[in-house]
Amino acid sequence: MQNSPAPEGAAEDDALVRSETRRRALFEAIDDGFCIIEFIDGPEGPLSDYVHVESNSGYERQTGIKDVVGKRLREIEPNNADVWLDIYGGVLRTGETVRFEQEFKAIGRHIEVSATRLEPESLRQVSVLFRDITARKSAEAALRQSEALARDYIQRVQLALAAGAIIGTWFWDVPADKFTVDEAFATAFGFDPSLGRSGLSLSQVIETVHPDDQAGLAAAIGKALKAGGPYAHQYRTRRLDGNYYWLEANGRVDLGPDGKALAFPGVLIDIEARRAVEEERDRALAELRTLTETLEQRVEERTDALMHAEEALRQAQKMEAVGQLTGGLAHDFNNILAGISGSLELMKTRLAQGRLVDIDRYLTGAQGAVKRASGLTQRLLAFSRRQTLDPKPSNINRIIAGMHDLITRSVGPGIEVETAAAGGLWTAFVDIGQLENALLNLCINARDAMPNGGKLTVETGNRWLDERAARERGVEPGQYVSMCVSDTGTGMSQDVIARAFDPFFTTKPTGQGTGLGLSMVYGFAGQSGGAARIYSELGKGTMICIYLPRHIADGIEEEVLAPDIAAPVASGKTTILVVDDEPLVRMVAVEILEELGYSVLEAEDAPSALKILSARPDIDLLVTDVGLPNGMNGRQLADAVRTDRPDLPVLFVTGYAENAVLNHGHLERGMQVLTKPFASDVFARRVSELTSGQ
Ligand code: ADP
Ligand code: MG
């Protein structure tokens, strides 16, 4: 023992040894573990550790710690030291005994620990007693569990009783194999109550069970007999009326010390009503399930329908673009027809006059017009043919070149069209028909944004999108081919830009916009693995770009040709000025007028017409086409002339749906409209009306 007062004499020594031996014997006799700890000052500060100065053999049994004497806390429990120091330090400081329960997981035991300060305090010692309470603990737990079971059982029985659902009770003496039942049980199954008291055979009881449930019941009973404890099983039994009803057997198997079943008492509960409710619930659940299943099927059907609708929409959208074109195309066709019919009429006149020299010229003109018409028709058919998305390696420049004629015609003569095709353009992987459709839609939008004319540019380029640029456009970084359509039109506000790609978003009046063009462009670009983007400034113009992934296949860049198309056709006393950008139409008009004896001047656009008009005040009539190139239409030309010469008669010749330009037919005095194609006599009559001041 350490820190005890030093012995002073032999007698005292003897007594001390004796008392020490007694004390030790006492310590060893008790089952509890015991130790004395003494606080020391460690490197962590004063009283920052303790050393075990004494222990008995019970200590090792209770704590699992061997040879603890002489060991410091921080050696044994370096991680948990503070917890123990806190507890025992408190005892040392206050002198109050503490008692607590602690589970020693290493040895799987519950220990009650009590710690008391040894006096005087200056000893800095605390005695600690460890008592094993594992058995008590598990007994408590078992008690709690059986209480819970009992409560549960009682509750079930009470519930059953309250519901009037108890059929009867049984008691099975398993070793004696005697199965007795109460009167209620016996009557419920039509047994003689006295038989129930004296004992039934198990087979008698099982015989009343529904054949389908017998095996399950036997298995459940076998299991309960083996395992012991609570038993609950549901099955159908035949009652007195001969019908089967659901019941629940609730019981308990008591096992003997050898693990063999001793007793198996229990109660039968009528659960027919409960089953009915449960079956109702199951039916409802099953219904719900089928509903869910058919829902899936319905969703599939809807998805199919939607996909068809989408396909139809795509087609309708294309047809819309065609519709948008019709105005422009009608113009072209009417010009062509005017050329043909005019040439034919002139040929007729010449033939009648016997002047055959000019016939050939008119014939060639008419034939050229027919060729142009068939080229246009073919182009239109190619465009409107039904296409599904079928991407191919494509040369975008070539596609745009093939579309140039169609674009120029559909935007009308007031808009200058320029293409800036990048040299060495990469091959893109794209559906040609869809790209053409997208391009046309962009051009039609540009046209709509430039009601007073302007410039439309289609530009291509190779683009290398880095991380940031790709993220901005919502695509993977990499190589793309860009196709941008820009205009000098109205531009878009931030608000419109934000919504322009939305389906059905349009700022155009009903009947003029469907709001599908850009949404199609957007969808198509996305589907092709690319992106579409809008750059626009109000009042300045708009540029919309489509980025398409570059196609690289074995280093060979295939070229797909755009379908061949027809080559575009580049360009007396009473004096009449004829303005038309179509030379053939102009030629026919001039010929007719000269034939009628007028003196005729010609111009191909408004600026040159204005020049002639200012130089020639003797002009009596202006005959002009409405759709004119180079920034000024026929209406604007007429307005300009009339500021100086308000009385100059004007005859508008138009085949174009240009009613808006002509103020929906409400024209000023001295102005008339003639729709192409026209017969020469109608033309002659109008001209004479206007020149004679009627
Ligand atoms: P729609 O042309 O039928 O209105 P779009 O989807 O093609 O439908 O275009 C949606 C809207 O985006 C247009 O109504 C217009 O407000 C705006 N927009 C599209 N292109 C241009 C453009 N080039 N300039 C100005 N606004 C444009
Ligand atoms: Mg549009």
Side-chain angles (χ1 to χ4, degrees), residues 309-329 383-384 400 403-404 406-420 433-461 473-474 482-528 530-547 631 657 660:
E310 205 176 288
E311 177 55 32
L313 184 73
R314 204 179 278 158
Q315 183 64 14
Q317 208 284 323
K318 194 156 61 188
M319 294 324 288
E320 186 220 340
V322 173
Q324 288 269 17
L325 271 177
T326 321
L329 286 172
F383 177 73
S384 65
I400 295 172
M403 291 284 288
H404 187 272
L406 199 62
I407 293 168
T408 316
R409 287 168 194 283
S410 50
V411 298
I415 292 166
E416 186 188 336
V417 178
E418 190 184 320
T419 39
Q434 291 290 327
L435 182 73
E436 289 176 343
N437 188 6
L439 175 58
L440 202 65
N441 270 292
L442 293 179
C443 292
I444 289 165
N445 279 347
R447 177 198 72 190
D448 293 347
M450 300 186 287
N452 298 314
K455 189 171 172 185
L456 185 156
T457 312
V458 185
E459 196 177 351
T460 56
R473 290 161 181 79
S482 71
M483 181 187 82
C484 299
V485 175
S486 47
D487 61 60
T488 54
T490 54
M492 299 151 90
S493 68
Q494 282 304 318
D495 204 40
V496 171
I497 293 176
R499 291 156 67 201
F501 285 135
D502 292 353
F504 304 111
F505 172 79
T506 179
T507 57
K508 294 168 193 175
T510 324
Q512 285 187 32
T514 57
L516 292 175
L518 287 185
S519 102
M520 172 270 159
V521 168
Y522 185 82
F524 153 73
Q527 257 180 306
S528 311
R533 225 170 122 90
I534 300 174
Y535 308 84
S536 186
E537 218 175 302
L538 260 186
K540 297 238 168 92
T542 300
M543 175 161 85
I544 300 184
C545 292
I546 299 179
Y547 301 89

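When a ligand or atom number is given, it counts from 1 through the structure's own listing order.
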If I take atom CE from residue Met483 and atom CD1 from residue Ile546, how far apart are they, to the nearest 0.5 angstrom?
4.0 Å
Quick check on contacts: which atoms of ligand 1 are under 4.0 angstrom from a heavy atom of [X]?
X      : value
Leu518 : 5 (P), 6 (O), 7 (O), 9 (O), 12 (O), 19 (C)
Asp487 : 22 (C), 23 (N), 24 (N)
Ala500 : 6 (O), 10 (C), 12 (O)
Ala449 : 22 (C), 24 (N), 25 (C)

Does the N or O separation between Lys508 and ligand 1 drop below 3.5 Å for any pair?
yes
If you measure every N/O of Thr490 against every N/O of ligand 1, is any gap under 3.5 Å?
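Min N/O separation from ligand 1 is not below 3.5 Å for Thr490.
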Which pair of non-hydrogen atoms, one from Val411 and one from Cys443, has the smallest distance, and what is that distance?
CG1-O, 3.8 Å
Is there a side-chain contact between Asn445 and Lys508 (heavy atoms, below 4.5 Å)?
yes
Treating Ser528 as the side-chain partner and Gly530 as the backbone partner, does any N or O pair qualify as donor plus acceptor under 3.5 Å?
no
Please identify each residue that fulfils side-chain contact (heavy atoms from CB on, under 4.5 Å) with Thr408, with sequence neighbours left out.
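Residues passing side-chain contact (heavy atoms from CB on, under 4.5 Å) with Thr408: His404, Val417.
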Does Ala446 have any side-chain contact (heavy atoms from CB on, under 4.5 Å) partners at least two apart in sequence or in another chain, and if so, which?
Met450, Leu456, Asp487
Gly489 heavy atom under 4.0 Å from ligand 1
no
